[in-house]
Amino acid sequence: AQAGPPIPFVPQAPFDDPAFGDLVLRSSDGVDFYVFKSVLVLASPVFRDMISLPVPPSHMEAGVGGSQPSERAFSGDTKDGLPVVPIYESRAQVLDSLLRILYPIDSPKLDDFDFDITFAVVLAAHKYEMAWASKIAQNSLSTVLSSASVANVLEAYIAAHTYGMKNIAHQAALELLKFPLEDIQAASSQQRALTVDSLWQLVFYHRRASKQLESFCAQDIDEWGQRVTKVYTAMDRVASGCPESHWYETEMEIWSSLHK
């Protein structure tokens, strides 16, 4: 049987009531959310600039993150007497998740979502410079990456490398160690945004880490804790552009992560 059309997203409280907003955010798939400007302004300097610019609505545009795509602040449309701001790059579920992180209500469990949703929330929070939302979303993405496909992990690595999200780039590079290099190279052929430089760094990192582990496994297992730490530190230095920090609290966790 053929699958039916997707079920339209319906906003839930508090974003479904014009009494609880002075602005309407319209997602890329045409779903409207009633929000308060004050929440957006406090959470995002990008939204603050977009909303406060004294420019006629038909000509108002605000750049987002330098080279990132721009948003037209006001579309000129109104709904229930409130101005409408189109959010061209975020579909309804992503926008809903982002707003629920910002509002003093129960936050969404991004860990339970699939990679596409969680990753889109990370990118949106980064684009709008929402520091708190970025922290929450990136923590969830770290969990989601552990069970993601090689293509998804590579996609996260590319975006993180492009937008300077070093924590995610580092996490994705570590997760990619679980996959054969041939699989990574095959997946890279489908990634148009992957530059030769970033692919070379990733391949070099993968090969260097493999050699370090082969060397370690050939040695006596006595004093393994100190050796694992040395292996991990060497791998950390190889990951160009990534912070030299340990992501796991114990050496046992390091060992387990490298042998999944």
Side-chain angles (χ1 to χ4, degrees), residues 3 6 9 28-29 89-98 100-101 107-127 130 133-195 197-210 213 232 235-236 238-243 245-249 252-260:
F9 187 93
S28 61
D29 47 356
E89 296 180 332
S90 295
R91 60 189 185 273
Q93 189 171 4
V94 173
L95 186 55
D96 180 78
S97 298
L98 189 62
R100 291 186 183 281
I101 294 174
S107 295
K109 295 182 179 180
L110 295 179
D111 296 1
D112 296 337
F113 291 166
D114 61 22
F115 170 83
D116 290 340
I117 296 296
T118 305
F119 185 51
V121 174
V122 169
L123 293 182
H126 177 77
K127 173 181 178 179
M130 298 173 172
S134 289
K135 180 178 180 180
I136 297 297
Q138 289 189 29
N139 286 342
S140 294
L141 183 62
S142 295
T143 301
V144 173
L145 282 177
S146 64
S147 58
S149 67
V150 60
N152 286 341
V153 179
L154 184 59
E155 182 181 0
Y157 171 80
I158 295 168
H161 197 275
T162 301
Y163 296 121
M165 296 185 287
K166 293 183 178 181
N167 292 354
I168 294 299
H170 195 177
Q171 178 70 24
L174 286 176
E175 293 295 339
L176 284 169
L177 291 176
K178 294 191 284 187
F179 300 99
L181 189 55
E182 294 77 12
D183 292 353
I184 297 173
Q185 292 174 321
S188 69
S189 64
Q190 306 299 319
Q191 299 288 344
R192 295 182 180 180
L194 182 63
T195 65
D197 178 64
S198 58
L199 177 60
W200 182 87
Q201 290 184 35
L202 189 59
V203 171
F204 180 75
Y205 174 53
H206 198 284
R207 288 177 174 171
R208 180 71 178 274
S210 298
L213 288 173
Y232 188 83
M235 290 164 53
D236 213 15
V238 171
S240 176
C242 292
S245 60
H246 291 257
W247 287 92
Y248 302 97
E249 294 181 358
M252 179 62 77
E253 289 175 322
I254 294 172
W255 172 261
S256 298
S257 71
L258 297 178
H259 289 77
K260 290 180 180 178

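Every heavy atom of this structure was used, including side-chain atoms; hydrogens, water molecules and symmetry mates were not.
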- Message: A side-chain contact here means heavy atoms from C-beta on lying under 4.5 Å apart; do R91 and F9 qualify?
- Response: no
- Query: Do D114 side-chain atoms and I117 backbone N/O form a donor-acceptor pair below 3.5 Å?
  - Reply: yes
- For A133 against L98, the heavy-atom pair lying closest together: CB-CD1, 3.9 Å
- Say whether, by atom type as modelled, one donor and one acceptor occur between the side chain of S142 and the main chain of Q138 under 3.5 angstrom. yes
- Item | Partner residues of A159 under the side-chain contact (heavy atoms from CB on, under 4.5 Å) criterion, sequence neighbours left out | F119, L123, Y163
- Query: Who pairs with D111 by side-chain hydrogen bond (donor to acceptor under 3.5 Å, both in side chains), at least two apart in sequence or on another chain?
  - Reply: S140
- Note on the structure: All heavy atoms of F115 vs all of A148, minimum pair found to be CD1-CB, 4.4 Å
- If you take all heavy atoms of A120 and V94, which pair is closest and at what distance? CB-CG2, 3.5 Å
- Query: With no hydrogens and no angle check, is any side-chain donor or acceptor of T118 less than 3.5 Å from a backbone partner on L141?
  - Reply: no
- Message: Using 0.5 Å steps for rounding, measure from the NZ atom of K109 to the OG atom of S97.
- Response: 13.5 Å
- Do V150 and K178 have side-chain heavy atoms sitting under 4.5 Å apart? no
- Query: What closest approach, in Å, do I184 and L176 show between heavy atoms, and which atom pair accounts for it?
  - Reply: CD1-O, 3.4 Å
- Query: Atom NZ in K135, atom CD1 in I101: separation rounded to 0.5 Å?
  - Reply: 13.0 Å
- Nearest-0.5 Å distance that lies between atom CZ in R100 and atom CD1 in I136: 15.5 Å
- Item | Contact summary for A92 and D29, nearest pair of heavy atoms | N-OD1, 3.0 Å
- Task: State, to 0.1 Å, how close A124 and S90 come at their nearest heavy-atom pair, and which atoms those are.
- Result: CB-OG, 3.9 Å
- Atom pair CG (D183) and OG (S149), whose distance is rounded to the nearest 0.5 Å: 10.5 Å
- Item | Rounded distance [0.5 Å steps], NE2 in H170 versus CD in E175 | 11.0 Å
- Message: Once side-chain contact (heavy atoms from CB on, under 4.5 Å) is applied, do any residues pair with A160, and if so which ones, sequence neighbours excluded?
- Response: M165, I168, A169
